[in-house]
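These notes concern the structure reproduced below.
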Amino acid sequence: MSQYAVTLVRADAREEREIAAGTKAWELYADEPEVIAARVGGVLRDLSHVLADGDVVEPVEITSKDGRDILRHSTAHVMAQAVQELFPEARLGIGPPIDNGFYYDFDVDRPFVPEDLDRIETRMRKIIKEGQRFARRVTTDDDARTELAAEPYKLELIGLKGSAADAAEGASAEVGAGELTIYDNIRRDGEVAWSDLCRGPHLPTTKRIPAFKLMRSAAAYWRGNEKNKQLQRLYGTAWESKEALEEHLHRIAEAERRDHRKLGRDLDLFSFPDEIGSGLPVFHPKGGVIKRQMEDYVRQRHIEEGFEYVGTPHISKEGLFYTSGHLPYYAEGMFPELDVDGMPYRLKAMNCPMHNLIYRSRQRSYRELPLRLFEFGHVYRHEKSGVVHGLTRVRGFAQDDSHSYVMPEQAPAEIKHLLDFCLGLFRDFGLDDFYLELSTRDDSKPEKFIGSEQEWAAATAVLQEVCEASGLELVPDPGGAAYYGPKVSVQARDAIGRTWQMSTIQYDFNQPRGFELEYVAPDGSRQRPVMIHSAKFGSIERFIGVLVEHYAGAFPPWLAPVQVQGIPVAERHVDYLVEAARQLRAAGLRVEIDDSDERMQKKIRNAQLQKVPFMMIAGDQDVEAGAVSFRYRDGRQDNGVPLADAIARVQDAVARREQV
């Protein structure tokens, strides 16, 4: 029998091994049940893949990102099989893995109800117990059309083939530009139980699904287009162990407890009136306090970091956004044109074109660079209704937007300056767990990007060098760049480990060319600056949503809408607390007095529910001594604290921006 040489790669170790012709990947890992697939020559493969001479093989463990994706995609197939066994009329859409789970879209006669999910879960457990084998089968377009004649959505994907990934979210899990494959679920007696168009890979058998749960159903338009038919989407999650599933479900419960939409309502911070429109929030007085505190602080920090504050209008003539490149490359993200005196205008989706006009308003010298412009510019994005979500994905928001105009040789230092600025700001707001993501151009789609390969390579190299020097983890994001240049984004983890994209820093060599921006160099020549975009929060609205969830509504005192709640033991103590409140306000602190008819314990409970950081309780002895009972949000209480000392405690906590 012929002998092949393969290379086994594991972490940093490499091992050369001889195998017999016809050896399958699973034979290399027969004693390692945690290995559920293999990467062969850089391509993910089923363990049933037959190895060839010279192959480089890496194990894929179920706990890895790729391993979990394979587990979840396999579970999506089991769910779809169960649905079609229970609802034979159901037609299949797309079923990809997603972060922490999977989904599958179905065309059914009626929406799914909770009882349906219970039945589907029960049927899935039966399929898993059977140990059906996932078997890959190569087919042709014509044969696939014949086999899937009753599945209209699959036929559409076959027609799209190489462009399907662009045409429909999740379609890359089913079809690609290469060969077409179908996966059969095969029972132990060899009977094909179910089949689906799929690129794979999959688990060896359904028995390798250790733990799963169906989460919910939702409506979803086919291919994400509201002009298409509305399908029913079933969401589920799958994990490598029952313990991991339980941990995930606990995180979900904690996330629900922290949901900023619920807390925003309960704490009277903001709302989303239907009369205004989807994705357009309004801030109530208490939410306005948080928003103002953030804006005032960040505005001052920008000034300290060398930025100059500017202001620009909400709308502009349409031609401005052709000059910037936004309408040719970002038109779907902008609202339709407005007719103003017979001329087309647009709501601005970004501030940079107007900042360019400020730069261009007079001749600039190299001595002025870096020139840093900053504003809280209100912008509008035409987000699809399906992605609008509370404050974290809105259609109108204030962006803490800044633009640095620098000589090319100044770019590395300016990017480092901006990155350090961003990280410092987040730490001030209580976020201190970060990594960086570097978004670069997709060279296979040059039509989506402006500029030469050389310009992109140079800009990317500058960003990468600064990121690596920061010492933070750097994660590549190929193809994620804006049309005008690469970017680095700061990804911050919140109190329960979720990741949020925060700041973005973008290197732009294109807009300065389009706007013909210049500066007079030391030799008297006219040179073109580099423009560096940076948004620290991205949007004030979104960052408030993140902070509400990070703190579960219990803001640190410097951000809390009400910093001190005055609680009289009886009505006769109200006047004393009114005078105390006057002193607190004179010290720049925010205070309210609960003079309702409720009992004292109910007033304390109400303050706790409103997550007020400090309470000052006054009774007869306190009034006589000029003191208060100083109570913290967590229930700790110090009695007989002189009023001046109590005020100083609050002032100190606010000044140090500490959490209590």
Side-chain angles (χ1 to χ4, degrees), residues 36 46 62 67-136 148 150-151 153-154 157 168-174 182-187 192-220 222 230-242 244-245 248-249 252:
I36 49 87
D46 302 301
I62 196 169
R68 284 174 170 166
D69 282 348
I70 292 168
L71 162 64
R72 290 162 183 163
H73 190 37
S74 300
T75 312
H77 272 225
V78 170
M79 180 176 72
Q81 179 181 345
V83 167
Q84 289 200 312
E85 288 179 359
L86 293 170
F87 304 90
E89 79 287 354
R91 302 279 70 87
L92 301 172
I94 295 172
I98 55 175
D99 287 345
N100 294 323
F102 59 89
Y103 69 78
Y104 214 116
D105 292 338
F106 302 95
D107 185 355
V108 286
D109 294 337
R110 61 168 178 80
F112 292 114
V113 296
E115 293 76 16
D116 294 330
L117 269 64
D118 292 339
R119 292 175 61 205
I120 294 166
E121 272 198 1
T122 299
R123 183 59 63 96
M124 289 175 68
R125 291 190 185 95
K126 179 182 176 183
I127 294 169
I128 290 169
K129 189 175 181 180
E130 284 183 15
Q132 295 178 13
R133 179 167 54 88
F134 291 97
R136 180 177 184 268
L148 300 170
E151 298 286 356
Y153 303 103
K154 300 294 185 183
L157 293 179
E169 181 184 2
S172 60
E174 310 230 352
I182 287 176
Y183 272 79
D184 299 316
N185 285 18
I186 301 177
R187 295 192 173 98
V192 175
W194 186 80
S195 301
D196 193 12
L197 182 70
C198 184
R199 296 181 69 187
H202 281 283
L203 299 171
T205 75
T206 58
K207 270 199 170 180
R208 300 295 292 274
I209 299 174
F212 78 95
K213 182 175 179 57
L214 300 191
M215 305 301 294
R216 61 188 174 92
S217 63
W222 169 239
Q230 195 174 75
L231 308 181
Q232 285 292 299
R233 176 170 293 180
L234 287 183
Y235 286 96
T237 188
W239 293 83
E240 63 274 10
S241 67
K242 291 180 179 178
L245 173 61
H248 174 68
L249 296 178
I252 290 176

**Asked** If you measure from the Lys or Arg side-chain nitrogens to the Asp or Glu carboxylate oxygens, is any gap between Lys154 and Asp196 under 4.0 Å?
**Response** yes

**Distance (rounded to the nearest 0.5 Å) between Glu151 CD and Leu197 CG** = 10.0 Å

**Request:** Any chance you could measure Cys198, atom SG, to Ile182, atom CD1, to the nearest 0.5 Å?
**Result:** 10.0 Å

**Request:** Find out whether Ile62 and Pro210 are in side-chain contact, i.e. whether some heavy atom of one side chain is under 4.5 Å from a heavy atom of the other.
**Result:** yes

**Asp184 CG to Arg136 CZ distance, which is reported to the nearest 0.5 Å** = 12.0 Å

**Asked** Taking side chain as C-beta onward, heavy atoms only, is Tyr103 less than 4.5 Å from Pro96?
**Response** yes

**Asked** Does NZ or CZ of Arg72 lie under 6.0 Å from the centre of the six-membered ring of Phe102, at an angle within 45° of the ring axis?
**Response** no

**Message:** Would Ile36 and Leu71 count as a side-chain contact (heavy atoms from CB on, under 4.5 Å) here? Give the steps.
**Reply:** CA-CA 8 Å; Ile36 49 87; Leu71 162 64; 6.0 Å; no

**Request:** Can you establish whether the number of heavy atoms outside Asp118 located under 6.0 Å from its atom CG is more than 12?
**Result:** yes

**Fill in**
Scanning both residues in full, the closest heavy-atom pair of Leu203 with Ser74 reads N-OG, 3.0 Å

**Message:** Let me confirm one number: the NE2-CG distance from His77 to Leu92, rounded to the nearest 0.5 Å.
**Reply:** 9.0 Å

**Message:** Check whether Trp194 forms a cation-pi arrangement with Arg187 (NZ or CZ under 6.0 Å from the six-membered ring centre, at most 45° off the ring normal).
**Reply:** no

**Asked** Would you say Leu157 and Ile94 make side-chain contact, with heavy atoms under 4.5 Å?
**Response** yes

**Item:** Between Tyr153 and Trp222, ring centroids under 6.0 Å
**Value:** yes

**Prompt:** What residues form a salt bridge (charged side-chain N to carboxylate O under 4.0 Å, His left out) with Arg68, not counting sequence neighbours?
**Reply:** Glu240

**Message:** Are Tyr104 and Phe106 an aromatic pair, judged by ring center distance below 6.0 Å?
**Reply:** yes

**Heavy-atom donor-acceptor pair, Thr206 side chain to Ile127 backbone, under 3.5 Å** = yes

**Fill in**
Here the pair of heavy atoms bringing Phe112 nearest to Val108 is CZ-CG1, 3.9 Å

**Asked** Without hydrogens or angle criteria, can the side chains of Thr237 and Asn100 be said to hold a donor-acceptor pair below 3.5 Å?
**Response** no

**Message:** For Arg91 and Gln84: C-alpha separation, side-chain torsions, deciding distance, then whether side-chain contact (heavy atoms from CB on, under 4.5 Å) applies.
**Reply:** CA-CA 8 Å; Arg91 302 279 70 87; Gln84 289 200 312; 3.8 Å; yes

**Message:** With rounding to the nearest 0.5 angstrom, report the CD to CG distance, Glu121 to Asp116.
**Reply:** 12.0 Å

**Prompt:** Taking all atoms of both residues into account, what is the closest heavy-atom pair of Leu214 and Ile120, and its distance?
**Reply:** CD1-CG2, 3.6 Å

**Item:** Lys NZ or Arg CZ of Arg119 over Phe87 ring: under 6.0 Å, within 45°
**Value:** yes

**Item:** Donor-acceptor contact below 3.5 Å, side chain His73 vs main chain Gly95
**Value:** yes

**Request:** Determine whether the side chains of Ser241 and Trp239 contain a donor N or O and an acceptor N or O closer than 3.5 Å.
**Result:** no

**Asked** Quick one: salt bridge (charged side-chain N to carboxylate O under 4.0 Å, His left out) partners of Arg133, sequence neighbours excluded?
**Response** none

**Prompt:** Do Phe134 and Tyr183 make the cut of ring centroids closer than 6.0 angstrom?
**Reply:** no

**Asked** At their closest point, which heavy atom of Gln232 faces which heavy atom of Arg110, and how far apart are they?
**Response** CG-O, 4.4 Å

**Request:** Might you point out which heavy atoms bring Ala238 and Thr75 nearest each other, and give the distance in Å?
**Result:** CB-OG1, 3.5 Å

**Item:** Heavy-atom pair with the smallest gap, counting every atom of Arg123 and Ala82
**Value:** CG-CB, 3.7 Å

**Prompt:** Taking only residues two or more places apart in sequence or in another chain, which ones pass side chain to side chain donor-acceptor pair (under 3.5 Å) with Gln81?
**Reply:** Glu85, Gln132, Asn185

